[in-house]
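For reference, the structure is listed below as C-alpha cells.
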Amino acid sequence: QSPTGDTRRELEAEERKEKQEVEEAESVRYLGHVTGTGDTTEEAWVKAFSALKVRLALADIKTNTAVQRAAIAGAIIIPKLLYVARHT
C-alpha cells in the first residue's frame with residue numbers, strides 16, 4: 001500500500017532533516033560573545049563596531065540634541081565596548 005500524500009511529504013521532510021549537516025566554522029556567537037578555536041579578538045571588535053554603526057545610524061535619525069545623543073552613548077556605546085573588552 002502506497003503512503004498518502006501527507007505521509008509521503010512527512011517522510012520526505014524527515015529525510016531532508018537527516019541529511020542536514022552543521023557546517024564547520026572558525027567562530028560562533030554564544031550568549032552575545034564571539035568564541036572559537038583560535039583568537040577571536042579582532043572578529044569580536046569588528047562585529048561590535050558593525051552593530052554599533054547600525055544602532056547609531058538609527059539613533060541619529062531619531063535624535064536631535066546633544067543631550068539625547070549623550071544618553072544613547074551611556075546606554076548603548078559604553079556598555080557594548082566594555083562588554084567586548086572584558087570578554088576578548
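Side chains are part of it too, since the values below use all heavy atoms of this structure and drop only hydrogens, waters and symmetry mates. These numbers come from a predicted model, not from an experiment.
The hydrophobic cluster containing L82, built from Ile/Leu/Val/Met/Phe/Trp/Tyr side-chain heavy atoms closer than 4.5 Å, also comprises I78.
S50 places a side-chain N or O within donor-acceptor distance of the main-chain N or O of V46, the cut-off being under 3.5 Å.
Across every non-hydrogen atom of A51 and K80, the tightest pair is CB-NZ, 4.0 Å.
For K47, the side chain to side chain donor-acceptor pair (under 3.5 Å) partners are E43, not counting sequence neighbours.
Residues I77 and L56 form a side-chain contact, since some pair of their non-hydrogen atoms from C-beta on lies under 4.5 Å apart.
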**Message:** L81 vs F49, test: side chain to side chain contact (heavy atoms under 4.5 Å, CB included). Steps then yes/no.
**Reply:** CA-CA 9 Å; L81 297 179; F49 280 114; 4.1 Å; yes

For residues 67-74, which side-chain donor-acceptor pairs fall under 3.5 Å, sequence neighbours excluded?
residue	atom	partner	partner atom	Å
Q68	OE1	N64	N	2.7
Q68	OE1	T65	N	3.1
Q68	OE1	T65	OG1	3.4
R69	NH2	D60	OD1	2.9
R69	NH2	T63	O	3.4

